[in-house]
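Right, one structure below, let's go through it.
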Amino acid sequence: MSVRVRFAPSPTGPLHVGGVRTALFNYLFARKMGGQMLLRVEDTDQNRFVPGAEAYIIEALRWVGIEIDEGAGVDYAGEPGPNGPYRQSERREIYQAEATRLVEEGKAYYAFDTADELDAMRQRLEAANAPAAQYNAITRLQMKNALTLPPAEVQSRIANGEAHVIRLKTPLKEEIRLNDIVRGWVTVHSSAIDDKVLLKSDGLPTYHLANIVDDHLMGITHVIRGEEWLPSAPLHVLLYRYLGWEDTMPRFAHLPLLLKPEGSGKLSKRDADLGGFPIFPLQWTDPATGVVARGFREDGYRPEALVNFLALLGWNPGTEQEIFSMDELIAAFDIDKIHKGGARFEIEKAKWFNQHYIRQLPDSDLAPVVMQQATEAGFACSLEKATQITALLKGRITFANELFAEARTIFYAPTEYDPAIVSAKWNDDAKRAATVFGDALTGYNGLFAADEIKHLLADTLQQAGIKQGKVMQAMRLALTGSGIGPDMMLTMEIIGKDEVMARLEKALADI
RNA sequence: GGUCGAUUCGUCUAGCGGUUAGGACACUGCCCUUUCACGGCAGUAACACGGGUUCAAGUCCCGUAUCGAUCACCA
């Protein structure tokens, strides 16, 4: 049987980087096994629905390079798709039918308790020091439901349109075992599971029901999700059993969590803000508040870098290879090698990956970024010049959008000169070198390219009896105002002869 | 608090009874580069603790500690 996995986010906002990793692991496993990856939208909570979130999630997955084989985001030309619809809000009849079936089979029941009544019950139990304040095999007998009310009253309440839910009739004493791919055998006593609401009073299912029904109907073979779902996994096993689908129940793999870079707890938006890094793949503008949250893409991260970084958080192929393309990850992926423990999300290594992938990029891919930023700053910058700048500076940056800032000494003539270099290097020889080189340039009509400039400078200084090594840093100072920077000859080539001469004159006058 | 789970350098991790406990990021130094960066080389740095089992334990077992997840008509 072919492997089928799903990523099932809730459209309550932008996709968190932890969600991206969950999607990534699903994708790697699916591809590795030659199976399919589905995208299902779990929008059963009408209160938390955020417009635009679904489109954001689809775009984010596309950006990182996760391809969806089936489900939301795939174009079915108006048709629901082979197992669609893939939006749970459009599948309510399906869940209602299954919930009703469970009621008819005595595995679930109607309940009419109001929020206040539930509150009161919990408070009462807590006051009595009960082991757990839950709606279960014992407490259900004191509540307003089909187990305590006469059948005729249940019927009339429903007929009258009274708000009601359907709850799972969880057995009092039963061991529920589940063989998790990551964690091995997990055993939970049914007393730890309460009579979970399956169908809410608005007619929509809760996560638990919708999830099991859809995974079954959509032929899901492996459920790969975050560790936060582990405690409810036994409930899901119970549901498969009650629904009569236990023989085709998917295998579970609960992924370790992404933790805060420091301190304790799982990674949150706040940690990202504090640490000055993004937590969402793409920039996100909250439709309600207009608040903009930064994205990895907009911050200059390459998708390959994010993927490479994320893949190695909680998983490792057991080799010493660190750099992986998506295809290499797929080839190396082994679900049995997923860790049990959480991983701290430290951005430093992500930056290192980014630096690596930036260098891999052809100059022609990066040049437009320089051109655009230069244009925005009011400079005429041809694609050719931008490409030259990229080639010169690519190895010095971590993010593509740092190129223009790194190139500031090319675009801007110095307005001040590093005092430390001035006092150490700007001596008589240096001034004389600037003068003779300026003069030589005046009479020079050859090609103004790095190699030629190098020769001209060497010859000129030699004739003047100046040791080049003694004045090179001063020359750099005169041209850029700084003692550090990329190759001088190439820099001069890009700046151009006229500007070089102008800057030499300016330095001679100003320092 | 109940339940479940985790614990190797600061961080990500390799390890699956016998290793000088390996790699990467970060950090430091050296080399290269008449600068800086890149690159190369080197270095600092870890098995949470206590008991067992065993000739032998980072590896197996049991405790303790610490950390985490979860206990809604949210997913």
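Excluded from the calculations below are hydrogen atoms, water molecules and symmetry mates; all remaining heavy atoms, backbone and side chain alike, are included. Protein chains get the first letters and strands the later ones, always in sequence-line order, with residue 1 at the start of each.
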So what does [X] touch, heavy atoms closer than 4.0 Å: a base, only the sugar-phosphate, or nothing?
X: A:Asp418; result: nothing
X: A:Leu257; result: sugar-phosphate
X: A:Pro486; result: base
X: A:Ser264; result: sugar-phosphate
X: A:Asp487; result: base
X: A:Gly485; result: base

Just the atom pairs and distances: protein N or O near nucleotides 8-12 of chain B's N or O, under 3.5 Å.
from	atom 1	to	atom 2	distance (Å)
B:C12	OP1	A:Arg344	N	2.9
B:C12	O2'	A:Leu312	O	2.9

Point to revise | Side-chain donor-acceptor pair present, A:His254, A:Arg225, cut-off under 3.5 Å | key: yes
Please determine, for the side chain of [X], which listed nucleotide ([options]) has the closest atom?
X: A:Arg122; options: B:C73, B:U70, B:A75; result: B:C73
X: A:Thr206; options: B:A72, B:A37, B:C74; result: B:C74
X: A:Glu320; options: B:G23, B:A26, B:A69; result: B:G23
X: A:Thr44; options: B:C73, B:A75, B:C4; result: B:A75
X: A:Arg183; options: B:A75, B:G5, B:C73; result: B:G5

Review point. For B:G1, what is the paired nucleotide under Watson-Crick or G-U wobble rules, both distances under 3.5 Å?
Key: B:C71
Check your understanding: What is the base-pairing partner of B:G29, counting Watson-Crick and G-U wobble geometry with both distances under 3.5 Å?
Key -> B:C41
**Study point:** Value rounded to 0.5 Å, distance of CD1 in A:Ile494 from CZ in A:Phe411
**Key:** 9.0 Å
Review point. Between CG of A:Leu392 and CD of A:Glu493, what distance do you get to the nearest 0.5 Å?
Key: 9.5 Å
Check your understanding: Between A:Lys431 and A:Asp429, is the closest basic N to carboxylate O distance under 4.0 Å?
Key -> no
Review point. Charged N to carboxylate O below 4.0 Å: is that the case for A:Arg40 and A:Glu42?
Key: yes
Without decimals, in angstroms, what is the distance between [X] [atom1] and [N] [atom2]?
X: A:His236; N: B:U70; atom1: NE2; atom2: C1'; result: 12 Å
X: A:Asp336; N: B:C16; atom1: CG; atom2: P; result: 16 Å
X: A:Lys200; N: B:C73; atom1: NZ; atom2: C1'; result: 7 Å
X: A:Asp116; N: B:A72; atom1: CG; atom2: P; result: 17 Å
X: A:Glu262; N: B:C67; atom1: CD; atom2: P; result: 16 Å
X: A:Glu402; N: B:A37; atom1: CD; atom2: P; result: 15 Å

I'd like a list of close polar pairs between nucleotides 32-34 of chain B and the protein, N/O only, cut-off under 3.5 Å.
from	atom 1	to	atom 2	distance (Å)
B:U34	N3	A:Gly469	N	3.0
B:U34	O4	A:Gly469	N	2.9

Point to revise | Test ring-ring contact (aromatic ring centres under 6.0 Å, His included) applied to A:Tyr301 and A:Phe353, step by step | key: CA-CA 9 Å; A:Tyr301 284 88; A:Phe353 279 117; over 10 Å; no
Review point. More 5' along RNA chain B: A:Ser10 or A:Lys340, using each one's nearest nucleotide?
Key: A:Lys340
Check your understanding: A:Ala192 or A:Ala350: which one's nearest nucleotide on RNA chain B is closer to the 5' end?
Key -> A:Ala192
